[in-house]
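Written below as structure tokens is the structure these notes are about.
The structure presented is a predicted model; accordingly, all values stated were derived computationally and were not measured. Remember, it's 1-based here, ligands and their atoms both numbered in the order they're listed.
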Amino acid sequence: MAVFSPGFRGRRRSTNPGLPPGQYEEHGFPVLTAGPTQRVRTDDWRFTLTVPGAEDRVWTWSQLMDLGPERIDTDLHCVTSWSKFGTTWRGVSVDRLLEGVESDAEYVMAGSYGGYTTNLPREDLTGGKAWIAFEYDGQPLAPEHGGPARLLVPHLYLWKSAKWVNSLRFMQRDEAGFWESLGYHMHGDPWQEERYRSA
Ligand SMILES: Nc1nc2c(c(=O)[nH]1)N[C@H]1C(S)=C(S)[C@@H](COP(=O)(O)O)O[C@H]1N2
Ligand SMILES: [Mo]
């Protein structure tokens, strides 16, 4: 008795359980940026956390380093269909930046040097799922990939991982960031194929 219908084996299907639907494995590390590469010296780098009703908190580079960086081993998934397995990073968990924050705001807008923005639910940034990453593959993160530091939220499509990130702003209601305002999904889970949203 036929277990597979005709044509099933002919379709390009993933046999890799780490590959979300509609993705292929990429061995390089493509650079995708809307606008010019930012070049920020760590001496000049500042990171600002804005929570409604509280004073802004600002970190310098050395203050970020004092928060206890950790190693991150993860796969990456880009909405343009490539996935890259087994990447290694070093970064500070966003949980460390949010310690002591009291707010019922459920959404966050990440902002970057150069003006890029992307929105995320707060719960996707907390619980050990998101980092301010500053090393890739044992080297300082290259400017093309968002160095000196980028947001790394690997369980969502890579457009949520803002390069040259320099701020997080808590929001009571979800607002669209750069790509989201052009039709990308407000959440962006690769396992649910949350690529674009209908108008
Ligand atoms: N600041 C900034 N961050 C950004 C972008 C951007 O244009 N500007 N592009 C996003 C998109 S669409 C993708 S797919 C990834 C690409 O990261 P990479 O260039 O390191 O592969 O960065 C994301 N972060
Ligand atoms: Mo992208």
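For the pair Glu144 and Arg39, the salt-bridge criterion is met [side-chain N within less than 4.0 Å of a carboxylate O]. The pair Lys160-Glu194 does not count as a salt bridge, with every side-chain nitrogen at least 4.0 angstrom from each carboxylate oxygen. Classification of Arg122 and Asp124 as a salt-bridged pair fails, no side-chain N sitting under 4.0 Å from a carboxylate O. A salt bridge links Arg169 to Glu175: at least one charged side-chain nitrogen sits closer than 4.0 Å to a carboxylate oxygen.
Comparing Gly146, Pro30, Pro36 by heavy-atom distance to atom 21 (O) of ligand 1, the nearest is Pro30. In this structure, of Val79, Leu158, Thr37, Leu141, the residue bringing a heavy atom nearest to atom 15 (C) of ligand 1 is Leu158.
In Cys78, the part holding a heavy atom less than 4.0 Å from any atom of ligand 1 is the side chain. In Trp179, the part holding a heavy atom less than 4.0 Å from any atom of ligand 1 is the side chain. Contacts with ligand 1 closer than 4.0 Å are made by heavy atoms of both the backbone and the side chain of Trp159. The side chain of Arg150, and not its backbone, has at least one atom closer than 4.0 Å to an atom of ligand 1 (non-hydrogen atoms only; side chain from C-beta on). Contacts of Phe29 with ligand 1, taken as heavy-atom pairs under 4.0 Å, involve the side chain alone.
Using a 4.0 angstrom heavy-atom cutoff, Ala162 counts as in contact with ligand 1. Contact between Tyr113 and ligand 1 is absent, with no heavy atom of the residue lying under 4.0 Å from the ligand.
Against a heavy-atom cut-off of under 4.0 Å, Thr33 is close to the following atoms of ligand 1: 7 (O). Listed by atom number, the atoms of ligand 1 under 4.0 Å from Ala34 heavy atoms are 6 (C), 7 (O).
The single protein non-hydrogen atom nearest to atom 10 (C) of ligand 1 is Tyr116 OH, 3.5 Å, given as residue, atom name and distance.
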Audit row: Met186, Arg197, side-chain contact (heavy atoms from CB on, under 4.5 Å) steps and yes/no: CA-CA 8 Å; Met186 294 295 263; Arg197 57 199 163 116; 3.9 Å; yes

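Residue Glu102 places its CD atom among 12 or fewer non-hydrogen atoms of other residues, nucleotides or ligands, all under 6.0 Å distant.
Ring-centre distance between Tyr24 and Trp82: not below the 6.0 Å cut-off.
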